[in-house]
Amino acid sequence: MLARRPQRSGLRGTSSPKPFCLFRPICQSFQNRFSGGESATRLSATQSATNLTTSEPASTARKDEARGDRPQCHPWKSVELRNLSPWYPTVASRITSGAAGFMAAAGVAAAVTLATFLGPPVAADVEPISLPYPLGPQAAHAVSSEQLLFLEAWRAVDRAYVDKDFNGQSWFRVRETFLKKESFQSRAETYDAIRKMLASLDDPFTRFLEPARLTELRRGTQKSSVTGVGLEVTFSEDSGVAGSLLRVVTPAEGGPADRAGVRPGDVILAVDGKPTTGISLYEASDLLQGPPGTSVTLQVRSNGSDGKPLPPRDVDLTRELVVIRPVSYSLCSGVSPAVGLSKKGGGADSGPLEGGLRVGYVRLSTFNSNTYQGVTAALKEAQETGVDGLILDLRNNGGGLFPAGVQVAKLLMSSGDIVLISDSAGVRDIYSADGSGTMDTKTPLSVWVNKGTASASEVLAGALKDNGRGVVVGQSTFGKGLIQTVVDLSDGSGLAITVAKYQTPAGLDINRVGITPDIRLPPDQLANNGLAVCEQLAGPNAPRVFG
């Protein structure tokens, strides 16, 4: 289990410390004297979404409460009461508080049929309501199923999104504007409205997922291979959604793009002549992936050694099956003491014994459902051979499943914080190591990173660095410290919503900053696979990568 110490309750809930009424014209008679003062009626998510079309924002309702001990009701300012007139008995001018259960039913649509009251009428609980409108038939203001789906999406963002300023706009006004101006005659129009709403946040990572996209996303965490050019891409946040640049996070080791020289940080300007500016990540994925053997041309722009952009170049690639191996392990023997190690059990100045040093090289290419088991097996093999040091290679690891990164940290740490989760109000949660499942907390550890190290791999590198468990070597990392969660909608679609940010145990905001290495080494001074790494560490020019 992950050790998790909550600092606050987390995402904002829907309940209020004191009751307030979303059905304002009938709340006065329903909320008073029901079961000795019971007034709160809990609604389902769909019911709550329906309420949003006619109720005022919660903040307004709460202000109204302060005016008295019970909610203030204004039938003449609302349409809900008129919508109840088709079923309202013409001879009845009194409603009992025993009908409080009906409040929940009324939330499903503005016009409903009352089947029965919950509880017998009691004369003492009767309170009259005066109506400023005639009781004749009135037009119902029912909410369509398409509007309900839109409201589901709106409410998910309202409750979960990290920026409670919502990109400098009133989120309630956004809701009302879209309901009035957008067409909801078909599912396609509803999806378009949801996309437009999310685009107003100017956050390329908060996005809509059609049912097929959502299914593919969930399957992706289980995949061991993919057909394409072997690239993980993201957007540069500083340019916003409309002008966002498609940037390479990492190429798959040995894949077509890697062999062609595409590197982390490169910008893909076009795919087969189609500009990538402003397209979604899923559109980019569709362009890059395809049947094996098919060709694709990327227009790529790299930066020179001075950091300035070089002229764009065309890169011709052939798609193929790219195998994803989350973990690989190699045992390096005869390692030079120049790497900064001494023989296990020796003093600070002791040199290697006959046969040289032994170093376990663990390569993590991604964090998926198989990563934890792979690292566990690698550490077990390293312990059995009695290695003098460990290398954890996170270069070109674009992240993946956040829990997998935390689990790997716990294998190497017996105590200490792993990552802080913060939102607009500050630190919300802290994940810590609690000693359960720990495998190795003593063997000297070197953590290799570069510009392709992002997200969950940055969390792991930051935890090991800030707790003094390992030495971070290489280049500054990518700096993707935003956390997205996937919210299911009722029709099988979903939303990926930015809900929080990562901070290292020392309080560093990873986003756009990344992890700074303890030992800076340019990319050409560190080999790129197990065999080459072992040869480099045993050679006369072995770099110092430990302490």
Strictly distance-based, threshold 3.5 Å: is any side-chain N or O of [X] a donor or acceptor partner for the main-chain N or O of [Y]?
X    : Y    : answer
D488 : G494 : no
D466 : A506 : yes
T438 : M413 : yes
Q383 : M439 : yes
R319 : L288 : yes
T453 : L394 : yes
T177 : V174 : no
E458 : S455 : yes
T276 : V271 : no
R247 : G265 : yes

Which pair of non-hydrogen atoms, one from [X] and one from [Y], has the smallest distance, and what is that distance?
X    : Y    : result
L179 : F184 : CA-CE1, 4.0 Å
A153 : L495 : O-CD1, 3.6 Å
L390 : A382 : CD2-CB, 3.9 Å
A284 : L246 : CB-CD2, 3.8 Å
P256 : V322 : CD-CG2, 4.0 Å
N450 : Q475 : CB-OE1, 3.3 Å

Rounded to the nearest 0.5 Å, what separation is found between the [atom1] atom of [X] and the [atom2] atom of [Y]?
X    : Y    : atom1 : atom2 : result
L392 : S446 : CG    : OG    : 9.0 Å
R358 : L537 : CZ    : CG    : 15.0 Å
S336 : N541 : OG    : CG    : 9.5 Å
I194 : F150 : CD1   : CZ    : 7.0 Å
N396 : F478 : CG    : CZ    : 11.5 Å
T206 : M197 : OG1   : CE    : 10.5 Å

Tested for side-chain contact (heavy atoms from CB on, under 4.5 Å) against K501, the lone hit among I483, L482, L420 is L482

So R213 and S493, side chain to side chain donor-acceptor pair (under 3.5 Å) or not? Walk me through it. CA-CA 8 Å; R213 296 285 189 195; S493 62; over 6 Å; no

Answer whether the closest heavy-atom distance between the side chains of [X] and [Y] falls below 4.5 Å.
X    : Y    : result
S302 : D266 : yes
N167 : D203 : no
K410 : D434 : yes
L149 : S490 : yes
L201 : Y161 : yes
L412 : L379 : yes
I268 : L231 : yes
V533 : W448 : yes

Between S365 and N397, do the side chains contain a donor N or O and an acceptor N or O under 3.5 Å apart? no

Is it true that S330 and R363 share a donor-acceptor pair across their side chains at a distance under 3.5 Å? no

Taking the basic N atoms (NZ, or NE/NH1/NH2) and the acidic carboxylate oxygens, is any pair closer than 4.0 Å for [X] and [Y]?
X    : Y    : value
R259 : E320 : yes
R469 : D440 : yes
R195 : E210 : yes

Atom NZ of K465 with >12 non-hydrogen neighbours under 6.0 angstrom: yes

Applying side chain to side chain contact (heavy atoms under 4.5 Å, CB included) to R263 and V248, what does each step give before you reach the verdict? CA-CA 7 Å; R263 294 293 174 256; V248 175; over 6 Å; no

What's the verdict on side chain to side chain contact (heavy atoms under 4.5 Å, CB included) for V473 and R544, showing C-alpha distance, side-chain angles and the deciding distance? CA-CA 9 Å; V473 179; R544 186 178 184 86; over 6 Å; no

Please step through side chain to side chain donor-acceptor pair (under 3.5 Å) for the pair Y191 and D491, ending with a clear verdict. CA-CA 11 Å; Y191 285 175; D491 75 326; 2.4 Å; yes

For the ring-ring contact (aromatic ring centres under 6.0 Å, His included) test, which of F178, F172, F208 pairs with W154? F172

Check the pair L401, T371 against side chain to side chain contact (heavy atoms under 4.5 Å, CB included), reporting the backbone distance first and the verdict last. CA-CA 9 Å; L401 295 180; T371 300; over 6 Å; no

Step by step, work out the side chain to side chain contact (heavy atoms under 4.5 Å, CB included) result for R395 and N528. CA-CA 9 Å; R395 291 176 298 171; N528 285 318; 3.3 Å; yes

